[in-house]
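Please read all numbers here as calculations on a predicted model, not as lab measurements.
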Amino acid sequence: MKWPHLAAHSRASMAEALATVTPELTRPTANRPPAGMLRAALYGHAFNPHRRHATVDLATVKALGWLERASLPIQQLRDRRVIRLASDALAVRLDGHLAAANTIARKRAVFHSALAYAVELGLLPSSPLGQVTWKAPGAGGAVNPLTVASPAQVHAILAGVTRIRPELTAFFACLYYAALRPEEAVALRSRDLVLPPRGWGKLILTRACPRTGSAWTSTGEPYETRGLKHRPHDAIRIVPIPPVLAGLLRQHLRQFGTTSDGRLFRGTRGGPLSESVYGRTWHAARLAALGPALAATVLARRPYDLRHAALSLWLNATGAPAEVAARAGNSVRVLHTVYTHCLHGQQDAVSQQIEHALCQQDRSPLVTASGPPHRSHRPDPVRHVSVNGPHAAAHQARFSRKTRTSLPSHAWRLRRSNASFQATWRCIISAGPVLIWPTHGPQAVCGTACFARKNR
């Protein structure tokens, strides 16, 4: 259904999810093959159309034969107990430990699509997945702040890359100074660069070149050139780049040139730059720059963490999430969800405000909700008085009918209807401040205290 239009990564992800849930939709029979063998047979053969008719070994043939005999009829998926067992299987890895929340959500989405397709074909009346009260763990997408490197740490690692493989310095610089994804930097060509002699330049991104494996691409090659991630096929993204990156790219073009098709970065044999090649360089430079202690942590462990460091820096420096999201190729919502824990400047500012408030509290005398202790003055006579409050009798005695009838001629009454409470407010202007109280219960009290002076 979706296979011809899916990217290679999405195809592999779909096959993995189906290979996880299918063994659970079987009858308990004897001679069940091991779970690892069943998943390998499904993932590498049954759910890969390119390999479905290829010759396989005897173990794979036996595993697929057992699955064909033991699989449940599709009508039995109406049983909620079966759906619950399948949902539980999606949350567990082969080693028995709980899978990551994002992995569970991704696999469950594939299972939901498969059931929806069965409904579309008329094999099921409705999707049984929504009839089971199974709650998946919350998927977290926020970046771990401990992985975000500082500018000084990034500069030290880039200097290490220059010593080891100088032809890759500009590649890693694109990940940091332009916040490119690695597959976008791999696909970068000379015609995508706008490099003035000085000042800021631009990158005009039109494609990405992710590596998945020849088993999942339509061409049989390990790389498949596609449009930008989560964008239409012909979409472009313009990323302004600072002078430091523009200078590194100019230097790269002078020293190393491009491939025959204009690519800036190449592998060992001239093909697309592979993850294994730049990964080994990154780990060696990181160890040399950070030392064994920091290198053992999660700080900048992957080259992709350079993009996280860049976007965190941009958000801290500018406070313009819409522009940062446009440059990064993300939505503002994703940007806030992923990088909200990396805004160190806001944390410092809030901490300073809290510290200032605590210091002010230490200098000032103790003040309770009813006012400062040992006060000798009477409290402000302006009150929001409720007829049902604890002091209602005292206030009614103070403002008796006799007192109200002896008011001066400039006294006035304001009757105000409210659609919700139908409360009547009485405002009496005397020689002092205005006293406001409702006549239909405490729920009518609203607003702030009002003061007025006598018309003289």
First locate atom [atom1] of [X], then atom [atom2] of [Y], and finally report the distance between them rounded to the nearest 0.5 Å.
{"X": "Arg181", "Y": "Leu205", "atom1": "CZ", "atom2": "CG", "value": "9.5 Å"}
{"X": "Ile164", "Y": "Thr281", "atom1": "CD1", "atom2": "OG1", "value": "6.5 Å"}
{"X": "Arg80", "Y": "Ile83", "atom1": "CZ", "atom2": "CD1", "value": "10.5 Å"}
{"X": "Trp134", "Y": "Leu90", "atom1": "CH2", "atom2": "CG", "value": "7.0 Å"}
{"X": "Trp314", "Y": "Tyr177", "atom1": "CH2", "atom2": "OH", "value": "12.0 Å"}
{"X": "Leu306", "Y": "Ile157", "atom1": "CG", "atom2": "CD1", "value": "7.0 Å"}

Taking all heavy atoms of [X] and all of [Y], pick out the closest pair and write down the distance.
{"X": "Pro23", "Y": "Leu67", "value": "CA-CD2, 4.4 Å"}
{"X": "Leu287", "Y": "Pro292", "value": "CD1-CA, 4.0 Å"}
{"X": "Pro196", "Y": "Gly201", "value": "CD-CA, 3.7 Å"}
{"X": "Ser127", "Y": "His112", "value": "OG-ND1, 4.2 Å"}
{"X": "Gly270", "Y": "Arg263", "value": "O-NH2, 3.2 Å"}
{"X": "Ala149", "Y": "Val154", "value": "CB-CG2, 3.8 Å"}

Electrostatic pair [X]:[Y] at N-O distance under 4.0 angstrom:
{"X": "Arg302", "Y": "Asp305", "value": "yes"}
{"X": "Glu16", "Y": "Arg106", "value": "yes"}
{"X": "Arg207", "Y": "Glu184", "value": "no"}

Kindly indicate whether the side chain of [X], heavy atoms from C-beta on, has any atom under 4.5 Å from the side chain of [Y].
{"X": "Val277", "Y": "Arg165", "result": "yes"}
{"X": "Leu146", "Y": "Thr297", "result": "no"}
{"X": "Met14", "Y": "Ser10", "result": "no"}
{"X": "Arg69", "Y": "Leu64", "result": "no"}
{"X": "Pro182", "Y": "Tyr278", "result": "yes"}
{"X": "Val82", "Y": "Leu72", "result": "yes"}
{"X": "Leu188", "Y": "Leu193", "result": "yes"}
{"X": "Leu98", "Y": "Arg93", "result": "no"}

Flag, side chain of [X] to backbone of [Y], donor-acceptor distance under 3.5 Å:
{"X": "Arg307", "Y": "Ala179", "result": "yes"}
{"X": "Asp192", "Y": "Arg189", "result": "yes"}
{"X": "Arg286", "Y": "Gly291", "result": "no"}
{"X": "Gln75", "Y": "Leu123", "result": "yes"}
{"X": "Ser312", "Y": "Ala309", "result": "no"}

Worksheet entry | Worked check of side chain to side chain contact (heavy atoms under 4.5 Å, CB included) between Leu299 and Leu290 | CA-CA 9 Å; Leu299 176 66; Leu290 302 181; 4.1 Å; yes
Worksheet entry | Verdict with supporting geometry, Leu203 and Arg327, side chain to side chain contact (heavy atoms under 4.5 Å, CB included) | CA-CA 10 Å; Leu203 299 182; Arg327 297 187 182 196; over 6 Å; no
Discussion item. What verdict does the side chain to side chain donor-acceptor pair (under 3.5 Å) test give for Thr169 and Thr162, after you've listed the backbone C-alpha separation in whole Å, the side-chain angles of each residue and the deciding distance to 0.1 Å?
Written reply: CA-CA 6 Å; Thr169 302; Thr162 303; 2.9 Å; yes
Worksheet item: What do the steps show when you test Thr60 against Asp57 for side chain to side chain donor-acceptor pair (under 3.5 Å), and what is the final call?
Response: CA-CA 6 Å; Thr60 301; Asp57 54 40; 2.7 Å; yes
Fill in: Distance-only polar pair, side chains of Arg32 and Thr26, donor-acceptor under 3.5 Å
yes
Worksheet item: What's the verdict on side chain to side chain donor-acceptor pair (under 3.5 Å) for Arg108 and Ser87, showing C-alpha distance, side-chain angles and the deciding distance?
Response: CA-CA 7 Å; Arg108 188 172 170 84; Ser87 299; 3.1 Å; yes
Fill in: Candidate list Phe172, Tyr304, Tyr176, test ring pair (Phe, Tyr, Trp, His ring centres under 6.0 Å), partner Trp282, passing option
Phe172
Practice prompt. For side chain to side chain contact (heavy atoms under 4.5 Å, CB included), just list the numbers for Ile241 and Leu249, CA-CA rounded to whole Å, side-chain angles, deciding distance to a tenth of an Å, and then say yes or no.
Written response: CA-CA 10 Å; Ile241 58 175; Leu249 290 173; 4.0 Å; yes
Practice prompt. Show your working on side chain to side chain contact (heavy atoms under 4.5 Å, CB included) between Cys174 and Leu245 and close with a plain yes or no.
Written response: CA-CA 7 Å; Cys174 287; Leu245 178 55; 4.1 Å; yes
Discussion item. Are more than 12 heavy atoms, taken from residues, nucleotides or ligands other than Glu68, located less than 6.0 Å from that residue's CD atom?
Written reply: no
Worksheet item: Are His252 and Phe171 close enough, and set up right, to give a ring-ring contact (aromatic ring centres under 6.0 Å, His included), and what steps lead you there?
Response: CA-CA 9 Å; His252 178 86; Phe171 171 79; 9.8 Å; no
